[in-house]
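Note that this is a predicted model, so its numbers are computed, not measured. Residue numbers start from 1 in every chain, and the chains themselves are labelled A, B, ... in the order their sequence lines are given, proteins ahead of strands.
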There are 2 protein chains.
Amino acid sequence: MDEAKRKKLEDKGWKVGTVSEFLDLTPEETTLIEIKLALSRNLKERRQKSMTQTELADKLYSSQPRVAKAENGDASVSIELLIRAMLATGATPQEIGQVIAQVG
Amino acid sequence: MDEAKRKKLEDKGWKVGTVSEFLDLTPEETTLIEIKLALSRNLKERRQKSMTQTELADKLYSSQPRVAKAENGDASVSIELLIRAMLATGATPQEIGQVIAQVG
DNA sequence: GTCTCTTATATCATATCTGATATATTAGTA
DNA sequence: TACTAATATATCAGATATGATATAAGAGAC
């Protein structure tokens, strides 16, 4: 993994290389993170078209700060919440599936 | 939601109608559950083709009972674990995306 | 400059998910 | 029948994700 990308992930809380400086992520771990980041980016795009973070948070029964974290790819946000958020913006399973399928 | 389906979900731990007998699931909640169940079913299919639950659990750094729960649509299993399990069976983001896209 | 709206960051108690363990059940074979 | 492999169910302590809250920072209007 190149250094710039690694730095960016670590800033968001991803413990890349925590176990060992020399132990890299497995392909599966990398793909999982990429799926999360793809969902994050798409969520932000979708949400910005129609509402504020606060409005989305209300639909989600969540909070504005949590939506901000979701959109910024924070490691504390699960795929579960990302998908719930996508659905709350009106995304269909088809659209969500496509975002994931585009990864890789 | 029809009664047979509801019973099946409740047996798996889904708190359908917990808040109130008269308060049904929102479409988003229903879709989320359907996504989970679709991933569960697909995981079981994929895994059975090539390995035992114990073998998959090892690849996942998880346990056989947890894989069983994942494959049986237990409510205690997150989408996160379902996707990690799919990846561990060798599924690509394309395949995972397709499973989700087929929901609805 | 100040307001106002929106988004980002930090902290935290609680809820949920986790893998581990023990054990039960099922399916197949000798 | 007994034996074995595979799967299912139950429980639980520890880890992770959660929404809430407070507050800071950014962007735009005035």
Chemist: Just how far, in rounded Å, is C1' of C:dT7 from CD of A:E71?
Modeler: 9 Å
Chemist: Report, as a single string ordered 5' to 3', how protein heavy atoms within less than 4.0 Å touch nucleotides 16-30 of chain D: B base, S sugar-phosphate only, - not at all.
Modeler: -SBBBBB--------
Chemist: Short of 4.0 Å, heavy atom to strand atom, which residues of residues 40-48 of chain B count as contacting DNA chain C?
Modeler: none
Chemist: Under the rule for side chain to side chain contact (heavy atoms under 4.5 Å, CB included), what residues qualify as partners of A:Q64, not counting sequence neighbours?
Modeler: A:Q53, A:T54, A:A68
Chemist: Please determine if a side-chain N or O atom of B:N72 lies less than 4.0 Å away from the OP1 or OP2 oxygen of D:dA8.
Modeler: yes
Chemist: Can you list everything that forms a side chain to side chain donor-acceptor pair (under 3.5 Å) with A:K7? Sequence neighbours excluded, please.
Modeler: A:D11
Chemist: Quick one: which residue pairs count as a salt bridge (Lys or Arg N to Asp or Glu O under 4.0 Å) with a foot in residues 54-64 of chain B, not counting sequence neighbours?
Modeler: none
Chemist: Could you pull out all residues at least two apart from A:E34 that satisfy salt bridge (Lys or Arg N to Asp or Glu O under 4.0 Å)?
Modeler: A:K5
Chemist: Grab the CG-C1' distance between B:D11 and D:dA10 for me, whole Å please.
Modeler: 15 Å
Chemist: Treating Ile, Leu, Val, Met, Phe, Trp and Tyr as nodes and any side-chain heavy-atom pair under 4.5 angstrom as an edge, say whether A:I33 and A:L82 lie in one connected cluster.
Modeler: no
Chemist: Using heavy atoms and a sub-4.0 Å distance, could you list which residues of residues 51-59 of chain A are near DNA chain C? By number, please.
Modeler: A:T52, A:Q53
Chemist: Measure across B:S40 and B:A70 and return the closest heavy-atom pair with its distance rounded to 0.1 Å.
Modeler: OG-O, 2.7 Å
Chemist: Identify, with sequence neighbours excluded, every residue that meets side chain to side chain contact (heavy atoms under 4.5 Å, CB included) alongside B:T89.
Modeler: B:L43, B:R46, B:R47, B:M51, B:L56, B:A91
Chemist: Just how large is the angle between the end axes of the helix from C:dG1-D:dC30 to C:dA30-D:dT1, five pairs per end, to 10 degrees?
Modeler: 40°
Chemist: How close or far is atom P of C:dT9 from atom CG of A:D74, stated in whole angstroms?
Modeler: 9 Å
Chemist: Sequence neighbours left out, what passes side chain to side chain contact (heavy atoms under 4.5 Å, CB included) with B:K69? Give chain and number order.
Modeler: B:R66, B:D74, B:S76, B:V77
Chemist: Could you check whether any side-chain N or O of A:Q94 sits under 3.5 Å from a backbone N or O of B:A101, counting only pairs where one atom can act as donor and the other as acceptor?
Modeler: yes
Chemist: Not counting sequence neighbours, which residues clear side chain to side chain contact (heavy atoms under 4.5 Å, CB included) with A:A57? List them please.
Modeler: A:V67
Chemist: For A:G73 and A:W14, work out which heavy atoms get closest and say how close.
Modeler: O-NE1, 3.1 Å
Chemist: Would you mind checking if B:K49 and B:E45 are paired as a salt bridge, meaning a charged N to carboxylate O distance below 4.0 Å?
Modeler: no
Chemist: Salt bridge (Lys or Arg N to Asp or Glu O under 4.0 Å) with B:E80: which residues, sequence neighbours excluded?
Modeler: A:K36
